[in-house]
Amino acid sequence: MRFIVSTSILLKQLQAINGASSSSTVLPILENFLFEINDNTLTISATDLQTSMVTSLPIESKENGRVAMPSKILIETLKTLPDQPVAFSIDMNTMAIEISAGDGKYKLSGENAEDFPKIPVVDNSSTIHIPAPVLAEAINKTIFAVSTDELRPAMSGVLVQLAEQSITFVSTDAHKLVRYSRTDIGAEKATSFILPKKALSLLKSSLPSEDITVTIEYNATNAFFTFGNIHLICRLIDERYPDYEAVIPQVNPNKLTVERQLFLNTLRRVVIFANKTTHQVRLKISGSELHISAEDLDFSNEAHERLSCQFEGTDMEIGFNAKFLVEMLNNLNAEEVVIEMSTPNRAGLLLPAVSEEHEDILMLVMPVMLNNIG
């Protein structure tokens with residue numbers, strides 16, 4: 001089997017799907033790309049058994065055939081070659097691969113394509129269409145709050161809830177929670193599924209910035225994403241997601257409105273002086289003044305800053321992990337944010353003061369108990 005392709009075009013496609021391959025010691029075949037040629041189209045697949053990515057491109061070839069090629073050495077070689085046509089010759093009996101580029105010849109050994117895991121196909125699926133920028137925004141807004149606790153597998157992904165007039169993405173790690181909804185996208189039938197973090201990270205890095213539509217097909221076990229010439233298939237997390245609505249406090253009489261960037265910059269400075277384990281900062285709100293402070297008693301470090309704010313409610317003091325607040329403020333686009341609170345031991349809600357059209361976002365952060373020093 002022989003085919004010719006441009007180095008830069010092939011490298012771009014391989015890099016787009018390489019994240020799905022696995023450095024598996026148990027199944028070394030997962031360290032390969034599957035190359036399949038059919039009627040002058042080269043289809044390349046990578047998988048770690050949970051997540052797979054497939055891409056295709058036109059090439060020149062007189063034969064059809066399949067071979068598994070080692071991913072690492074292939075990408076490293078192509079990276080160092082200038083943009084030029086490169087010829088691949090594969091001995092289908094021994095799986096020996098010879099690459100000819102300019103004056104260079106490179107030999108490596110492939111694997112039998114029959115040993116490569118089968119990529120799941122779409123059966124009995126439902127479909128929705130989402131603009132790529134909207135999907136990217138939903139992933140960016142939620143992925144940082146996904147849990148890394150392996151004992152709680154349901155929370156190691158993002159819950160997607162589909163309704164006729166909306167789509168909602170939810171993530172939580174029990175310390176913070178994000179709920180991001182869109183009212184400009186809906187599905188024929190209400191359903192929900194949990195997308196794993198790795199698949200979302202791969203989507204985040206490979207979604208194009210231009211406004212193309214992503215087709216999402218899903219059934220009971222897998223979700224299939226198609227955009228441009230790339231397909232991403234991931235196994236859904238087969239767990240029951242916790243009842244997150246029950247955690248969101250409904251009555252929050254204390255509302256603090258503050259300029260987002262100002263608040264963010266202040267927290268970044270003040271947290272430097274906080275305890276390195278808890279990252280605890282104290283918010284003391286009285287009238288139109290917000291006093292932010294942190295201390296690390298072990299090193300006699302402390303910091304205090306004052307910000308002007310708008311506040312409705314009774315004066316209060318509450319402690320938060322500043323790292324969580326910083327992450328959340330980084331993922332909100334609004335000029336001003338509102339923090340809604342009830343009591344110092346109940347969760348606080350972080351919301352944009354003005355919502356974007358068709359968009360609803362709520363972030364929840366658990367407080368940390370204050371020791372009453374200072």
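Both backbone and side-chain heavy atoms feed into the values below; hydrogens, waters and symmetry mates do not.
When only modelled atom types and interatomic distance are considered, E31 and S23 share no side-chain donor-acceptor pair under 3.5 Å. For the 3.5 Å distance criterion, the side chains of S56 and T43 fail to qualify, holding no donor opposite an acceptor. Under 3.5 Å, the side chains of N333 and E137 contain a donor-acceptor pair of N or O atoms. A side-chain donor from one of N38 and N64 sits under 3.5 Å from a side-chain acceptor of the other. No side-chain donor-acceptor contact under 3.5 Å links T41 and D39.
In this structure, D296 and A274 approach most closely via the heavy-atom pair OD2-O, 3.7 Å. Heavy atoms only, all atoms of each residue included: I128 and A187 are closest at CG2-CB, 3.6 Å. Across all non-hydrogen atoms, the minimal contact from P344 to M316 is N-CE, 4.0 Å. Heavy-atom minimum distance, P208 versus A132: O-CB, 3.8 Å. Taking all atoms of both residues into account, the shortest heavy-atom contact from I97 to S109 is CD1-C, 4.2 Å. The shortest heavy-atom contact between P249 and R346 is CB-NH2, 3.5 Å.
Under a 3.5 Å cut-off, the side chain of T51 and the backbone N or O of C234 do not form any donor-acceptor pair. Listed for the N331 side chain is no donor-acceptor partner under 3.5 Å among the backbone atoms of M328. Side chain of D360 to main chain of S181: no donor-acceptor pair is present (N/O by atom type, distance under 3.5 Å, no hydrogens or angles). Side chain of N275 to backbone of T278: a donor-acceptor contact under 3.5 angstrom is found. Not a single donor-acceptor pair under 3.5 Å links the side chain of T215 to the backbone N or O of H129. Under the 3.5 Å distance criterion, the side-chain polar atoms of N301 are left unmatched by any main-chain donor or acceptor of E295. Side-chain atoms of E63 come within 3.5 Å of backbone N or O of R2 as a donor-acceptor pair. For the pair N252 (side chain) and N254 (backbone), a donor-acceptor distance under 3.5 Å is absent. Of the possible donor and acceptor atoms, none in the side chain of D149 sits under 3.5 Å from a partner among the backbone N and O of S156. In this structure a side-chain-to-backbone donor-acceptor pair under 3.5 Å is missing from S125 to V122.
With rounding to the nearest 0.5 angstrom, the CG atom of L290 is 10.0 Å from the CZ atom of R306. Taken from CG in L325 to CG in N330, the straight-line distance is 11.0 Å, to the nearest 0.5 Å. Atom NZ of K79 and atom OG1 of T7 lie 14.0 Å apart (nearest 0.5 Å). Rounding to the nearest 0.5 Å gives a distance of 11.0 Å between CD of Q250 and OG of S342. Rounding to the nearest 0.5 Å places OG1 of T47 at 12.0 Å from CZ of F33. Atoms CG and CG, from D115 and N32 in turn, are 9.5 Å apart once rounded to the nearest 0.5 Å.
By the criterion of side-chain heavy atoms lying less than 4.5 angstrom apart, applied directly or through intervening Ile, Leu, Val, Met, Phe, Trp or Tyr residues, L34 is not grouped with L14; the two fall into different hydrophobic clusters. F225 and I233 fall into different hydrophobic clusters, defined by Ile, Leu, Val, Met, Phe, Trp and Tyr side-chain heavy atoms under 4.5 Å apart, directly or through other members. Under a hydrophobic clustering in which Ile, Leu, Val, Met, Phe, Trp and Tyr are joined whenever their side-chain heavy atoms come within less than 4.5 Å, directly or via other members, I339 and Y180 fall into the same cluster. Cluster membership for L49 and I119, using ILVMFWY side-chain heavy atoms within less than 4.5 angstrom, is shared. Using a 4.5 Å cut-off between side-chain heavy atoms of Ile, Leu, Val, Met, Phe, Trp and Tyr, with links allowed through other members, V271 and V258 fall into different hydrophobic clusters.
Counting only heavy atoms from C-beta outward, the side chains of N222 and Y218 never approach each other to under 4.5 Å. Using a 4.5 Å heavy-atom cutoff, the side chains of V214 and L207 are in contact. Side-chain contact between D173 and V146: absent, with no pair of heavy atoms (C-beta onward) separated by less than 4.5 Å. Here the side chains of F224 and I216 are not in contact, with every heavy-atom distance at 4.5 Å or above. Within the 4.5 Å cutoff, no side-chain heavy atoms of V365 are placed close to those of H175. Using a 4.5 Å cut-off on side-chain heavy atoms (C-beta onward), N18 and M53 make no contact. The shortest distance between side-chain heavy atoms of N112 and M92 does not fall below 4.5 Å. Between Q161 and F193, the closest side-chain pair of non-hydrogen atoms is not below 4.5 Å.
Hydrophobic cluster of I194: the remaining members, joined at side-chain heavy-atom separations below 4.5 Å, are L159, V170, L177, I237, Y241, Y244, V247, I248, L349, L351, L362, L364, M366, listed by chain and number. V251 forms part of no hydrophobic cluster, judged by ILVMFWY side-chain heavy-atom separations under 4.5 Å.
Around CZ of R268, the count of heavy atoms belonging to other residues, nucleotides or ligands within 6.0 Å exceeds 12. Residue Q165 qualifies as open at atom CD: its count of foreign heavy atoms under 6.0 Å is 12 or below. Around the CD atom of Q84, the shell of radius 6.0 Å holds more than 12 heavy atoms that belong to other residues, nucleotides or ligands. The number of heavy-atom neighbours closer than 6.0 Å to NZ of K12, taken from other residues, nucleotides and ligands shown, is 12 or below. Counting heavy atoms of neighbouring residues, nucleotides and ligands inside a 6.0 Å radius, atom CD1 of I73 does not exceed 12 of them. No more than 12 heavy-atom neighbours from other residues, nucleotides or ligands sit within 6.0 angstrom of CG on D238. For CG of N124, the number of neighbouring non-hydrogen atoms (other residues, nucleotides, ligands) closer than 6.0 Å is 12 at most.
Applying the side-chain contact (heavy atoms from CB on, under 4.5 Å) test to K204 and every residue at least two apart in sequence or in another chain returns I139, N140, I143.
Salt-bridge formation is detected for the pair R66/E114: a Lys NZ or Arg NE/NH1/NH2 atom is positioned less than 4.0 Å from an Asp or Glu carboxylate oxygen. A salt bridge is absent between E327 and K323; no separation between the charged side-chain nitrogens and carboxylate oxygens falls under 4.0 Å. Salt-bridge annotation for E335 and R260: absent, with no side-chain N of the basic residue lying under 4.0 Å from a carboxylate O of the acidic one. Checked for salt-bridge contact, E245 and R179 meet the test: a charged N lies under 4.0 Å from a carboxylate O.
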Apply side-chain contact (heavy atoms from CB on, under 4.5 Å) to Q280 and N321, showing your working. CA-CA 5 Å; Q280 180 185 300; N321 179 323; over 6 Å; no
Determine whether T257 and E336 satisfy the following criterion, side chain to side chain donor-acceptor pair (under 3.5 Å), listing intermediate values before the conclusion. CA-CA 7 Å; T257 307; E336 288 191 320; over 6 Å; no
K198/D48 under salt bridge (charged side-chain N to carboxylate O under 4.0 Å, His left out): CA gap, chis, key distance, verdict: CA-CA 11 Å; K198 177 171 178 178; D48 66 358; 2.8 Å; yes
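Each of K284, E305, H304 was checked for a side-chain hydrogen bond (donor to acceptor under 3.5 Å, both in side chains) with H291, and the lone residue meeting it is H304.
By the 30° and 60° cut-offs, the orientation of the rings of F35 relative to F88 is tilted.
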